[in-house]
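Start at 1 with the first residue, then count along the sequence.
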Amino acid sequence: MKDASVLAALFEELIVLLELKVVGQPQWHVFPEPGGITGLTLLAESHLAVHTFPEHGFAALNVYCCRPRSRPDFEALLARHLGAASCRVRELPRGVGA
């Protein structure tokens, strides 16, 4: 959770799995110890964002997309890329209603 290249690999896998279209360059900010990393990739479909908090053993991943997609196996992805022992996924349907 302190290595931007590991998070970039997670983003790349999600981009391929979900057939997303990247707009521009991903942005990464590495915080000083004991902090983690914030990453953002702008997509034609919306965005990918991650915030890691290694001092708490926590990472928040946001996959925001305007087109319906099959749900990837987030548990396996996060275990493989981040060594996550547990994963809680919340799926919120995106709509335009007020």
Legend entry - Carboxylate-amine/guanidinium proximity below 4.0 Å for Glu19 and Arg69: no
Legend entry - Step-by-step side chain to side chain contact (heavy atoms under 4.5 Å, CB included) determination, Leu43 to Cys65: CA-CA 8 Å; Leu43 306 170; Cys65 190; 5.9 Å; no
Inset, instruction - Report the C-alpha separation of Tyr64 and Leu92 in whole Å, then their side-chain angles, then the decisive distance to 0.1 Å, and conclude whether the side chain to side chain contact (heavy atoms under 4.5 Å, CB included) test is met. - result: CA-CA 9 Å; Tyr64 202 56; Leu92 305 170; over 6 Å; no
Inset, instruction - Decide yes or no for Leu82 and Leu77: does some side-chain heavy atom of the first lie under 4.5 Å from some side-chain heavy atom of the second? - result: no
Legend entry - Thr52 side-chain N/O to Ile37 backbone N/O, donor-acceptor pair under 3.5 Å: yes
Legend entry - Over all atoms of both residues, closest heavy-atom pair of Pro72 and Leu17: CB-CD1, 4.3 Å
Inset, instruction - Treating Ile, Leu, Val, Met, Phe, Trp and Tyr as nodes and any side-chain heavy-atom pair under 4.5 angstrom as an edge, say whether Val89 and Leu7 lie in one connected cluster. - result: yes
Inset, instruction - Check Ser70 against Leu18 and note the closest heavy-atom contact, atom names and distance. - result: O-CD2, 3.6 Å
Legend entry - Pairwise distance CZ(Arg71) to CD(Glu91) - rounded to 0.5 angstrom: 7.0 Å
Inset, instruction - Working to the nearest 0.5 Å, report the span between CG of Leu40 and NE2 of His51. - result: 8.0 Å
Inset, instruction - Answer yes or no: is there a side-chain heavy-atom contact under 4.5 Å between Leu20 and Thr41? - result: no
Inset, instruction - Could you walk me through whether Arg80 and Leu10 pass the side chain to side chain contact (heavy atoms under 4.5 Å, CB included) test, one step at a time? - result: CA-CA 9 Å; Arg80 187 169 61 255; Leu10 170 62; over 6 Å; no
Legend entry - Residue pair Leu14 / Leu61, side-chain heavy-atom distance below 4.5 Å: yes
Legend entry - Shortest non-hydrogen contact between Pro54 and Pro34, atoms and distance: CG-O, 3.8 Å
Legend entry - Within one Ile-Leu-Val-Met-Phe-Trp-Tyr cluster: Phe58 and Leu48, side-chain cutoff 4.5 Å: no
Legend entry - Phe31 and His29 aromatic ring geometry - parallel, tilted or perpendicular at 30°/60° bounds: perpendicular
Inset, instruction - Could you grab the distance from atom CD1 of Ile15 to atom CD of Glu45, nearest 0.5 Å is fine? - result: 9.5 Å
Inset, instruction - Report whether Phe53 and Phe74 are members of the same hydrophobic cluster (ILVMFWY, side-chain heavy atoms less than 4.5 Å apart, transitive linking). - result: no
Inset, instruction - Indicate yes or no: at least one non-hydrogen side-chain atom of Leu42 is less than 4.5 angstrom from one of Gln27. - result: no
Inset, instruction - Please lay out, stage by stage, how Phe11 and Val22 fare under the test side chain to side chain contact (heavy atoms under 4.5 Å, CB included). - result: CA-CA 10 Å; Phe11 274 25; Val22 175; over 6 Å; no
Inset, instruction - Output the distance between atom CD (Glu55) and atom CE (Met1), rounded to the nearest 0.5 Å. - result: 8.5 Å
